[in-house]
Amino acid sequence: MEEGVTIAKVPDWMMLKPEMMVHLIRAHEKAGRTLTEEETVSLLRSLGFEISEP
């Protein structure tokens, strides 16, 4: 992956954890584009990460 590439948009209220990155990178590479905020949240929730808005 190229340095400086945006792989996913993340909502301001959401905190990313290092263990989430591998999943986001994989989804970015599969989609071939930057993931939207909605796609990012949906993906991480579907993988069992606790994602909730404040």
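None of the values given here were measured: they were computed from a predicted structure. Values below: every heavy atom of this structure, side chains too, minus hydrogens, waters and symmetry copies.
Taking NZ of Lys17 as the start and CZ of Phe49 as the end, the distance is 8.0 Å to the nearest 0.5 Å. Note: Thr40 OG1 to His23 NE2 = 13.0 Å, rounded to the nearest 0.5 Å.
His28 has its side chain out of reach of Thr6: every pair of non-hydrogen atoms, C-beta onward, lies at least 4.5 Å apart. Counting heavy atoms from C-beta outward, Lys9 and Leu35 have side chains that stay 4.5 Å or more apart. Side-chain contact between Leu47 and Met20 is absent, with no heavy-atom pair separated by less than 4.5 Å.
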Between Glu39 and Arg33, is a salt bridge (Lys or Arg N to Asp or Glu O under 4.0 Å) present by the stated rule, with each step listed? CA-CA 11 Å; Glu39 290 170 324; Arg33 60 177 172 74; 2.6 Å; yes
Check the pair Ile7 / Glu29 against side chain to side chain contact (heavy atoms under 4.5 Å, CB included), numbers first and verdict last. CA-CA 8 Å; Ile7 60 169; Glu29 290 175 344; over 6 Å; no
Check the pair Leu44 / Leu16 against side chain to side chain contact (heavy atoms under 4.5 Å, CB included), numbers first and verdict last. CA-CA 10 Å; Leu44 295 175; Leu16 281 181; 4.2 Å; yes
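In this structure, Trp13 is a member of the same hydrophobic cluster as Leu24, with clusters built from ILVMFWY side-chain heavy atoms closer than 4.5 Å.
Summarising the geometry of Met14 relative to Val41, their closest heavy-atom pair is SD-CG2, 3.9 Å, with the distance given to 0.1 Å.
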